[in-house]
Amino acid sequence: MTASARQALRLSGISKSYGNVRALSNLSFDVPEGRFFVLFGPSSVGKTTALRTIAGLVPTDSGRLEIFGSDMTTAPIAGRGVSMVFQSFALYPHLTVYENFAYPLREEKVAREEIDRRVKETAAMLKLTPRLERKPGTLSGGEQQRVALGRSLIRRPKILLLDEPLTNLDAKLRHDMRAELKRLHRQLGMTIVYATPDELEALSMGEEIAVMRDGAVVQRGTPDELYEQPLDTYVAGKIGSPHMNMIKATVSADMASFETPLGKLKTSRKVKTGTAGEAALLGIRPSDLKIAAKGEHAIASTIHLIEPLGDVTVVSVDAGGETLRMVLPEASATAMKPGDALPVAIDTTKIHIFRAASGQAMT
Amino acid sequence: MSSTTATAAPPALMTLAPDNWKLAILVGLAVSVIAAITFPASVSFWIVGAMAALVAAAFVVNAFRRKYYGGLLVAPAIAVLFVMNIFPLLWSLGLSFFAYQSNNQSIRFVGLNNYIKALTNDLAAEANWNALVNTAMFVVFTVAAQMVVGFLLALLFAKQFPLRKYLLILVLTPMMLSVVASGVFFTYYYDPTFGILSYIMGNITGEQFILMDNKLGAVAGIVFADAWMWSPFVMLLVLAGLVSVPKYLYEAAAIDRVSGWRQFWTITFPYIRGLLMLALLFRTIEAFKLADLVILLTKGGNDTMTISYHLIRIANEQNKTSEGAAISYLMLFMVIVLTNLYLYLANRRSHGA
Amino acid sequence: MTVMTKMKGFATAAGFAATLMVGGASIASAEDVVLTMAVPDWPPTRIMKKFFDEQYKPASGNKVTLDVDFIPWPDFYTRVNASLTSGEKKYNFIVSDSQWLGAFVEGGYFRKINDLLEADPAFMETFKSIHPNPLNAYSTYPHKSENYYGFPQFPDVLVNFARKDIICHDEEQKNFQAKYNKKLPCTGEELDAMTWDDFKNVGEFFQRKKGDMLAGAPAEDDFYGIAYQAGKGYDFSSMQINGFIWQMGGNTWDETQIPNGQAEGVVNSPEAVAALEKYLSLIQYMPPVAKTGTMDIFKSDELFREGKVAMNINWIGLGEASLDPNSSKVSDKLVFGQMPGTMGADGKMIRWSNIGGQPFVLTTWTTDAQIKEAVEFVKWWLSSEIQHQFAAGGGQSAVKSVYEDPKYVTYRPWNRAWAPQLDWQKDVWHVPQFFELLTQQQDQFDLAITGKQDAKTTLDNVAKFQQNLLTEAGLIQ
Amino acid sequence: MSSSASFMERLGFRKASGVGEAGWGRTLFVAVIAFIYFIPVLFIIFTAIKPQNLALSVPPTLSPTSFFGLIPDQYVFSPTLENFGSVFSRSMTTGGAPEDTGFDRYFFNSIFISSVSVGLALIIGTLAAFGFSRYPLKGNDTYLFIILTTRMLPAIVVIIPIILMFRTVGLSGSYIGIILLYTAFNLAFTIWMMKSFFDELSLDVEDAARIDGSSEVKVFFKICLPQVVAGLAATFVFGLILTWNEFLFALLLSGADTRTVPVAMNQAVSSGGRGTDWTLLAAIETLFLIPVFLVTFFLQNHLLRGVTFGTVKR
Amino acid sequence: MSTIEIRKVTKRFGDFTAVRDADLSVAAGEVVCLLGPSGCGKTTTLRMIAGLERATSGDVVIAGRNMNELPPEKRDIAMVFQFYALYPALSVGQNIAMPLHYEKLSKAEVDARVIKVAKIMHLTEVLDRMPSHISEGEKQRLAVARAIVRDPNCFLFDEPLSRLDVELRHSMRGQIKEVLTGLSKATVIVTHDQLEALTMANRIAIMRDGLIEQVGTPHDVFAKPANVFVASFIGTPQMNLVDADLKSFDGKNASVSLAGNDLVIAADPAVSRLKPSKVTVGIRPRAFTAANEKAADTIAAQAELIEPMGAETLIHARTAAGGDIRVVVPRDKRVKIGEALHLRPDPKQTHFFGEDGKAVRA
């Protein structure tokens, strides 16, 4: 990730509508060369359309698309140097794995021996060598996913677009594939634009994440930036699992403490833009809630629901009429029962403050 | 569906360009009119054809330059259908307003006379009406028989079992027979002296059995032969529907303790309904055209004349071309009304509860 | 596959297809004259083609080819009609049923041959030596005028096919005599002398159930005395019914009387009604298929050949199959006579019958070169030698010198009945409305045959229809 | 998938899967019924190997073998292959030498005309179906319906103008004419069938190919077409069966050189002086059945899969 | 008494044994999850309970009755299918009413029951729609609604959430659990997602290759995995399972050679049974603490890949032996790629597995 990297991709003001439905609304972002860039947002937010626009599968209504500096807004698909992995994998069902791999190379008129060499190399890299003569329909989901990946990688595209490639895999495979993809990216060094609705995928793989809403980017930044400084409640709610607890509050006159149902909370910083008495929302991540140690300032609460997730347990507690989720290590939650009282401590240094009206972060 | 590249602007009206279809139409029309006036029909036909080709070519080039792939893809089919179906249909529509006999090439405009004759002339209209009623009867009986038999056959083959493939082809074979051969053989099967049917019936009842000497028997004989030949068609479509019912629906029904009858109506039937309707549509269209079996089995005797055979006699044997055209247009009108009604019903049913 | 090889493959395929499509249409040069002929596919035409190929040497020295399109009988008219009316101008010669003359002469398809006859007196003489009944039927339009259009290809009449093993059996002879006080006809001459009443007696007498005694042995299957055509298709009842009507003093609409001849009152005259009633009354003695309206000439022939019937009235043209042991179970048991007649008031037999057979005609687009060769061919065909050979091979000849030759009766067993029958032949209408007249009449007759309406109603309907149609067409004033 | 509900979908087609299993008991049961259903065909086939003089025997002869005494002798005939020879060569005159009947030509015509026209309809119709499926027009169904109506009229109605047209153009009796006609005849059905197949395909797969550098033409030929092979096969079989046995067009529009078997078959039906030659007719039909039977048999798996896949909506 | 009990149930398809000697009992009000990777036989087991498959051998007992010979309709069970098995031709309301026809209730009663269930499952708004016109989540709820409209012996769920997207899956887990708690029936849920199993089940039966490997509470299967397979299947990220040589054990501390490190670690006394041998040491990714320098109880590794997961960060670290170790650290603990780590496993969360893969525990 060098600062001087060229821009592999630049979208400026791209809009696209299907009939009355606006898929992309003045979408702009750029991706430096070699970056693992994630488009994150819930379904039907325009991620797929954005990727298809980059690939050239969807003509834009307005705006400009540059790939490595040249205008590609209306260029044919073939010359863009972009390849794509579809959510549905979109393997050629009538061709063997070998032929699926070879297809893009044949289209590029690569010599037969070279095709063979690269197919075998790719198959080896993706551990698909024993499957080369099989048809996609006979492969497991994970294998199909790897074939789709291999087919996109084999012609060494400058930009690789991945459209929710892990959605159709089962839970365990999804976890394993994240690290695999990350390794591949590091190994091959290409620019990747990855669309996903799964924040874990976004956070764990993305070097940079653009959070999308209604066809536009609402915030972009590194995983840390998004986690630590969400610009609004939308981003705050989407990034981090379990979701951030939101507590209604009123800004006090000192601009640093807030009236909440849990009592008065004093944050470690002052808000500069707010006014006293303004309605605010305090965002507290479940992991920033702790069982209060003895003597620590604690909020009294009652356990409402216990969800063991294996390594950790999500415990929902009722406090002052608000429900708060907190994440506890498995071991420390085993003895808990719903109805038990639990003293909770809040790490006030990590409270996020939003305007109740607009949802924007208060600085 | 990608057409990201900018499309070239269409050429101005008077530019001489291969994609200027507007100009091509103008030129084509002008040349055609002049040719039709100056040359005999056999020559002007080709000139008009060439002009049509010119216009078509201009359209194609235009479509190609501007990437109207849809139009390009559909064009050959439309061209063939136009030349071989739509054009002849329009031609015969035109003919139906003339008095024209093909063996005697005089032609005279008579307006709606052919239609009026077909509908009101006491001899012609009665024959037409009679043939129409018979046709309706055959449509109802043959289609009903085919649907029922085809459906039952499909039920037989709905499950996978050993040798299914081989038994299925046996049942499909009647559809592959030439109507001439199977029809002629049915006259044999029904023959009171030589035929198997009368032989068996005679041995059972001890009395002479003549199937085709009354209307009921004649209709039954024709319906049986037709149903025998075409039930496999219905079967194939229904079978396709049956095997498409997901097995888990039946499992769910078993868990939900749904009765067999209700299972059929709420699970099986909705799945085959579409294909059943398709089969019904195609077979109804074909049944409307029933002629060959009637010709072979009864020659229209015992009051089995169908509209299609009636038309063959009028238009072909008697060479009353334009009169036949008028009758067939009346018939087409009816078929279209019926089909639309059918499609309307089909759609309403699949959309309603 | 590269683009080039694909292109080559395509070009080859296209070339092949084009060859196939163009092939077949060969063009005649000066020396090579091709006469294209549309004929029904049956022995008389096959024989003609065979003789031509084996024997014909054109006097002109040109290479003449007879390109014969053998079309199956059931579709013959449909196909020829389509070819003619489509204007494809394919055939030079067409074997036409005599009744089609009007339709196609009026349409301008059939060529008048008077000029050809007049140009060649010898040819005219041969032509005139054809028996006048077939000549009128096959060649003239308007009927019995001096306008000639065709040459007889195969002249045909109805005769009585009988089983001598049955009718000459002593036991049967004796029983018949006892029952009807009349001798059961056995020889050809005795058959000649039969009236329809005798025919009816035979029908009644020989109706046997399976297992009944028949000619000294138990019948293997139901057996019937008589059969004749009573089918709805084409002309498969009119040809028989017309005979009854003419014999019994009635008449059909007479086209030679245009424009004064009437249908109403003629077609449904009391005599005609009585004739039709007579015809219908015999059907009950026939095999049951007659009741279904599908007893056409082929069905009655089949029944006869399979040994289900004692006597059958049918065309000589269908006779060959009866003689062939492969297709006939009765090939060695046959005796033939003239069709039964009606005893006139004067004690003389009246035998009017509807003529069968076909002429062949020339089409109007035939070129002069082709016509020249065509005339040569026809002259050769009508030559005594070839006509004899044709008759010997299973055909018939209407040329006087041929059928009067004593040898003639030896060719086929039914030839004895041939010449006397010729004098009693009439024909139906030759007018362009022929098919409308025929189909409506056949429909009506079918209703009568299958018992749906009586003879009077039937003929009234026929007459009314004919009167209407012919008036509209200007043929009746 | 496709944005608008297709015509088929409105008719109520839905997704496929799973077939039940049954055992030999079912086989036996179905075999009995299938056999009964097949009897009229079997009788024709048996007639083809009967001696001519037994064709109309009463009682009918039913089997070439007694099946170890199971069938009484009176119903048994001794088989012969002579009739098949007669199809191609037999004596056409009384006592004459056997001659060529032209049936080799008719068989060739049937095969050539059927395969070319069904193939052509498949090509043109598939292109059109793809067009209708991928580039939807407003009122798509209406166009399809109009195409369908071209099949609704009795053939005789279009035949009149077609004869007139052929006469003007000089296509009467040519291969081109009859092939074009059959092509049009099959087109409506082909477009209908194939459109529903294309509607089923995943558009993502096509887009994947575009991204892999394929032109639109290649996307169609290398990606879409191979996926609808079952549909092509099913459509081919249906078209073939209909075209193979077509009679009226063939009778009226084919010449002596382009005559097909169904027309020529009538040689055996009231063949002049011989009435119906039952054994000959049966032999012709049996021979005529073989090609289409084999094609259907070998494409049978595709046929059922094709019909299911193509007409059933996800 | 258990509502569902299967005893030594085996299912063979030809040569293939899908389920082998499965024993399981589910008490009234208890939710048991059958958890395992695809093809492990869990669905087959469920289908045998439902009667959709016939057990090759063994007994299926429901509500005290042996059901071996009874078809599904006689077993009085309700089931939710993986693909929901909604009747496509029936509206949502009619779908819910379908299981009630058997009971021959009056129309009013049926309607009342349907509306009641629709309220519970939030389907009131869509009662008149067709299944093809409702969202994926509504379909799933409809499938559940159709099951709970009855009062059956037990409920069976086949992969009920597998078709939903991430967010929906989260929320439906809770909803289903809530509904099941209210119903208090014996329930079997089949799933391949351990999160679903852990959150919804009272007990989890983990299956592999037709065998039930372990049955236990969520805590049991997580904290005391019976064998390597269970250990690897439960917990995210997956437990590190490292091959090691057990050199010696002094009754308290084990000395092992592991991933290129010699390590002394406190271990369960039962480890003594293993003697010196090959073992597998299992350590949860969250069970490491980072030491500043190498020590006798640390494993040396190099951070290779870093996956931020929000509150925590997953580090893939490479050991000297080339193996991969997953370590989860809180997000404030910043690690750079290539950084050398000294990882100290928590002995309490370290598991020893013998060569047979079985956990060694006192």
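Lettering follows sequence order; numbering is per chain, from 1.
Identified by a heavy-atom distance below 4.5 Å to chain D, the contributing residues of residues 150-159 of chain A are A:R151, A:R155, in residue-number order.
A 6.0 Å sphere centred on OH of A:Y18 holds more than 12 heavy atoms belonging to other residues, nucleotides or ligands.
Pairing each heavy atom of D:G213 with each of A:A78, the nearest pair is CA-CB, 4.1 Å.
The distance from atom CD1 of D:I211 to atom OG of A:S83, rounded to the nearest 0.5 Å, is 7.5 Å. With values rounded to the nearest 0.5 angstrom, A:L95 atom CG is found 8.5 Å from D:Q227 atom CD. The OG atom of D:S214 sits 2.5 Å away from the OH atom of A:Y103 when rounded to the nearest 0.5 Å.
Look at A:E107 and D:R210 and you find no salt bridge, because none of the NZ, NE, NH1 or NH2 atoms lies under 4.0 Å from a carboxylate O.
Between the side chain of A:Y92 and the backbone N or O of D:A209 there is at least one donor-acceptor pair closer than 3.5 Å. A donor-acceptor pair is defined here as one N or O able to donate and one able to accept, closer than 3.5 Å; no such pair exists between the side chain of A:H94 and the backbone of D:C224.
In terms of non-hydrogen atom pairs under 4.5 Å with chain D, the most contact-rich of A:A90, A:P93, A:S88 is A:A90.
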